[in-house]
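In what follows, a structure is listed as structure tokens, so that the remarks can point back to it.
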Amino acid sequence: MPELPEVETISRILREGTSEMPSLIGKSILGADVLWRRSVATHTAEDFDIGIRDQVIKEIGRRGKYLCLGLSRDVLLLHLRMSGDVWLESPEKLILTHYRVVINLKDPMDGGLFRFVFNDPRKFGRIWLTSDPETILSGLGPEPLSEAFTQVGFYQSLHKRHRQIKPLLMDQTFLAGLGNIYTDESLHQAKLHPLTLSDQITVGQAESLYDSIRMILKEGIQRNGASIDWVYRGGGFQNHFRVYQRTGEPCYNCGTPIERIIVGQRGTHFCPHCQILSDNP
DNA sequence: CACGTCACCTGCGTGC
DNA sequence: TGCACGCAGGTGACGT
């Protein structure tokens, strides 16, 4: 479940806790069980357990789609890819089939024990334990909700490239955090066809796209992200999709049936009436 | 540099 | 019921 709003929601929940579970902040790490070795990108299972042991979780944040846990000495980075999820639970619970990494925690105040679970059916997710997170994060493009991401800068970046807009928006080195859902939703709101070439986008269209991206991401965060199928997290944005997974259903603007095409190997949803491709070959 | 293709993985829904 | 197939919120390594 991993686009920017979902990772932001998970980050917030782990940082602030819920009525069910406390915050991760301040917990000390007793050790780690790596149940699927390839889930840990930087260490062998044994070295990961040794390296992470006795560190304390100091802070929790997000960069792009990466979840970032600041520890005493290192930073733990997690990328959930397609099916990853993380949560805190009681160590009394059963270990389930899709648990890939389990980190055992202790509250130094009251001695309470917890389990931090990395669950990932498809095994695409990765965890990095590193003293220098920039080696992994430095290639990422700007944060779409940051001050550093500006309308003017966005327009200029679009015109430095000659690419179809949808794959470009999903390129994490161009902009960090958009995936298939939020890209389709943003392009629909901006009334831009997913195949529009980036250097043919006008100033007005770029402004509209910039505003749409930020509005859609904020709406996703405000609804605690989207939960689809068996990858459920309690978000609600899936009930407010305007194009994503609405193939054949009427566009809310004009009633035209939403179409689905493949762009860059990904299912792509758009309104053929609202999102016209102006042809300039 | 842009783009296509495959690889990594499992599970779910559909249709025969 | 079984089984093949298409589909899935992502990315990285290739080849052209």
Side-chain angles (χ1 to χ4, degrees), chain A residues 1-11 35-42 62-67 77-86 96-101 118-128 135-141 157-187 194-200 213 216-217 219-221 223-248 260-269 281:
Chain A
M1 48 158 321
E3 295 181 49
L4 187 155
E6 289 76 31
V7 181
E8 179 71 26
T9 300
I10 293 171
S11 165
L35 308 176
W36 181 254
R37 303 179 74 96
R38 295 183 63 179
S39 294
V40 177
T42 47
R62 176 194 61 74
R63 174 77 172 97
K65 300 176 192 172
Y66 289 82
L67 189 62
L77 298 175
L78 299 97
H79 198 302
L80 305 175
R81 296 278 175 95
M82 294 288 266
S83 63
D85 201 354
V86 291
L96 301 178
T97 319
H98 303 308
Y99 288 11
R100 304 306 178 197
V101 178
F118 173 63
N119 188 73
D120 186 20
R122 289 176 73 180
K123 301 177 176 172
F124 289 166
R126 289 292 179 270
I127 296 178
W128 297 257
T135 57
I136 293 139
L137 303 177
S138 61
L140 291 174
S157 303
L158 290 172
H159 278 254
K160 280 181 197 156
R161 312 294 293 272
H162 181 73
R163 290 185 65 182
Q164 298 170 338
I165 188 62
K166 167 152 181 179
L168 183 58
L169 290 179
M170 291 183 64
D171 181 341
Q172 302 299 299
T173 68
F174 181 78
L175 187 63
L178 288 184
N180 210 30
I181 294 176
Y182 293 91
T183 301
D184 281 4
E185 294 294 326
S186 298
L187 288 171
L195 296 179
T196 307
L197 290 173
S198 58
D199 55 356
Q200 292 182 3
I213 289 169
I216 295 285
L217 287 175
E219 184 188 353
I221 291 170
R223 299 192 187 280
N224 299 318
S227 320
I228 300 181
D229 302 333
W230 39 282
V231 186
Y232 180 71
R233 275 293 306 191
F237 188 55
Q238 70 280 6
N239 299 319
H240 301 269
F241 293 159
R242 272 142 275 197
V243 283
Y244 187 77
Q245 284 188 342
R246 291 196 62 246
T247 310
R260 179 180 182 278
I261 58 174
I262 301 294
V263 179
Q265 324 287 102
R266 308 303 300 276
T268 297
H269 313 76

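Throughout, a chain's letter reflects where its sequence line sits, starting with A, and its residues are numbered from 1. Excluded from the calculations below are hydrogen atoms, water molecules and symmetry mates; all remaining heavy atoms, backbone and side chain alike, are included.
Under the 4.0 Å criterion applied to side-chain N and carboxylate O atoms, A:Glu219 and A:Arg242 are assigned as salt-bridge partners. Between A:Arg163 and A:Asp171 there is a salt bridge, with a side-chain nitrogen of the basic residue lying less than 4.0 Å from a carboxylate oxygen of the acidic one.
Among the heavy atoms of the strands, none lies under 4.0 Å from A:Arg126. Backbone-only contact: A:Gln172 has heavy atoms under 4.0 Å from sugar-phosphate atoms and none from a base. A:Tyr182 comes within 4.0 angstrom of nothing in the nucleic acid, heavy atoms only.
For A:Gln164 (side chain) and A:Val263 (main-chain N/O), no donor-acceptor pair under 3.5 Å exists by modelled atom type.
Stacking of the aromatic ring of A:Phe124 onto the base of C:dT11 is not found under the criterion of centres within 5.5 Å and planes under 30°.
The same atom, P, is picked in C:dC7 and in B:dT5; the two are 15 Å apart, to the nearest Å.
Note on A:His98: a side-chain N or O is less than 4.0 Å away from OP1 or OP2 of B:dG11. Phosphate contact (OP1/OP2 of C:dA8, side-chain N/O of A:Arg122, threshold under 4.0 Å): absent. Considering only side-chain N and O atoms, A:Arg260 lies under 4.0 angstrom from the phosphate OP1 or OP2 of C:dA8.
Pair assignment for B:dC12 gives C:dG6, based on Watson-Crick or G-U wobble hydrogen-bonding distances that are each under 3.5 Å.
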